[in-house]
Amino acid sequence: MSGLERATELDDAAVVARARAGDLDAYEVLVAHYTAAAHRAAVLLGAGADADDVVQEALVKAYRGLSRYRGESGFRPWLLAIVANETRNLHRSRGRRDGVLLRAVRQEMPEPAPDPADTAEANERRQRLVDQLRRLDRRDREVLVCRYLLDLSEAATAVALGWPKGTVKSRTARALGRLREHLAEDEHLAGEEGTDD
Amino acid sequence: MTDRHDDLIAELRALGDFLDVPPARDQRAAVRAGIARRKATRRWRLWLIGVLVAVAGAIGGVAPARAAVVSAVDGLLRVAGIAVRTGPAPPVALPAGPSPLPFEQATTLEAARRAAKFPVLVPAALGDPQDVTIADGARVVTFAYRNGRVRLDQCDGTIDPIFFKQAPNAEWVNVGADYGIWLAKPHEVTYVDRAGVERTVTARVAGPTLIWQHNAVTYRLEGIADRDEAIKVGRSLG
């Protein structure tokens with residue numbers, strides 16, 4: 001852990017202690033600091049257009065739950081655990097509202113924005129990666145999103161997803177294997193289409 | 001184990017930068033409002049439940065051994081049912097002989113346990129109390145030790161803390177897994193009744209005090225001068 005990270009964690013601990021004692025100004029410091037990270041996590045975990053509402057609900061609930069914060073991996077993964085949970089709740093309520101069929105086709109990952117400076121091939125590859133992430137089982141997708149797209153450590157991912165650390169490790173390996181298989185299948189299909197022309 | 005996926009991992013890490021994530025909304029005002037909304041539904045309880053107020057301020061006319069001038073810092077400390085004012089307290093004339101808490105009566109440990117609406121715990125480090133009193137309809141249960149020099153108040157305090165400002169004389173401490181406040185210097189204590197009214201007739205000067213909350217019960221341990229010893233007593237509650 002770098003000195004700077006350590007300093008941030010210590011600062012968080014001090015601010016959390018004050019917020020826990022009811023200092024709303026202290027809590028606002030945390031809100032301002034972590035809103036962007038929480039929002040990004042909500043979007044990548046599939047909250048879509050409801051991401052801001054999910055984050056707001058999660059931040060209010062986090063305040064209520066501060067007494068349960070133990071500070072093991074810092075404030076961010078602890079908050080992201082609440083965000084992930086709220087996002088799942090959202091999926092459940094959407095499922096009830098829209099029916100299972102609609103939910104199945106709902107896109108749970110944001111689109112990659114094509115980079116005009118990049119090659120068409122690179123842009124296509126990114127699109128394919130997102131498409132195949134969407135096809136993964138929810139848990140496989142969640143662990144890859146946390147570990148690599150949100151760049152959380154194994155320990156922090158364990159906190160954010162509420163899993164044992166060992167599960168994060170094994171699930172990550174399995175999810176990477178599945179993603180690679182999906183990508184290979186997809187390329188194979190694309191290749192066959194190509195030869196048909 | 002994931003080494004063979006290094007290329008894929010690198011791709012996923014890079015992918016994060018290309019995803020179309022809209023900017024986040026500023027949540028500060030909305031979250032504050034959300035917290036306030038939930039608090040409003042609990043406010044009734046907040047004022048109906050017991051509060052002991054410890055006012056730390058310049059204290060004059062006190063026995064020399066206990067006299068202390070506390071630096072004036074704005075703010076208010078709260079641990080559950082106890083609020084600590086750390087600002088320049090208005091000069092309160094302490095009553096010469098402070099009244100006991102309202103409806104205070106001597107009782108036994110068993111009777112106090114039956115009367116109180118919260119679990120009454122005994123700190124193993126101090127053992128069974130010499131005297132037990134209950135006050136204000138068992139809102140507060142008080143144990144006396146060491147011929148009254150050490151006093152443990154327990155009160156039903158499920159009140160949410162409201163403010164915390166660090167004051168030079170009030171120290172934030174851990175009592176086991178719980179948070180507490182350590183007041184090393186003498187300070188004034190006043191009882192606040194069920195209606196939220198400060199009973200100034202009860203005002204008195206208290207010695208070193210540890211205040212903490214555990215499982216919705218607020219504890220106030222007075223008279224142990226050593227901070228670590230006080231915390232040890234606090235942790236031994238069971």
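So you know, we letter chains A, B, ... as the sequences are listed, proteins then strands, and number each from 1.
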Residues of residues 115-122 of chain A with any heavy atom under 4.5 Å of a heavy atom in chain B: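 Checking residues 115-122 of chain A against chain B gives A:Asp115, A:Asp118.
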
Does atom CZ of A:Arg68 have more than 12 heavy-atom neighbours from other groups under 6.0 Å away? no

Those residues that, when tested against A:Glu154, pass side-chain contact (heavy atoms from CB on, under 4.5 Å) (two or more places apart): A:Arg147, A:Lys165, A:Val168, A:Lys169

Of all residues at least two apart in sequence or in a different chain, which pass the side-chain contact (heavy atoms from CB on, under 4.5 Å) check with B:Arg25?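 Partners of B:Arg25 under the side-chain contact (heavy atoms from CB on, under 4.5 Å) test: A:Asp52, A:Asp53, A:Gln56, B:Gln27.
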
Quick one: which of A:Leu176, A:Thr157, A:Leu136, A:Thr167 gives a side-chain contact (heavy atoms from CB on, under 4.5 Å) with A:Val143? A:Thr157

Show your working on salt bridge (Lys or Arg N to Asp or Glu O under 4.0 Å) between A:Asp137 and A:Arg171 and close with a plain yes or no. CA-CA 11 Å; A:Asp137 168 87; A:Arg171 193 99 203 188; 3.1 Å; yes

Where does B:Pro23 contact chain A at under 4.5 Å (heavy atoms): side chain, backbone, both or neither? backbone

Heavy-atom distances under 4.5 Å only: say whether B:Asp17 touches chain A with side chain, backbone, both or neither.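 Interface part for B:Asp17: backbone (N, CA, C, O).
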
Between the side chains of A:Asp12 and A:Tyr69, does any donor sit under 3.5 Å from an acceptor?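 Result is no, nothing qualifies.
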
Below 4.5 Å from any heavy atom of chain B, which atoms of A:Leu133 appear? Answer side chain, backbone, both or neither.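 The answer is the side chain of A:Leu133.
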
Sorted by chain and residue number, the side-chain hydrogen bond (donor to acceptor under 3.5 Å, both in side chains) partners of A:Arg128 (sequence neighbours excluded) come out as A:Asp186

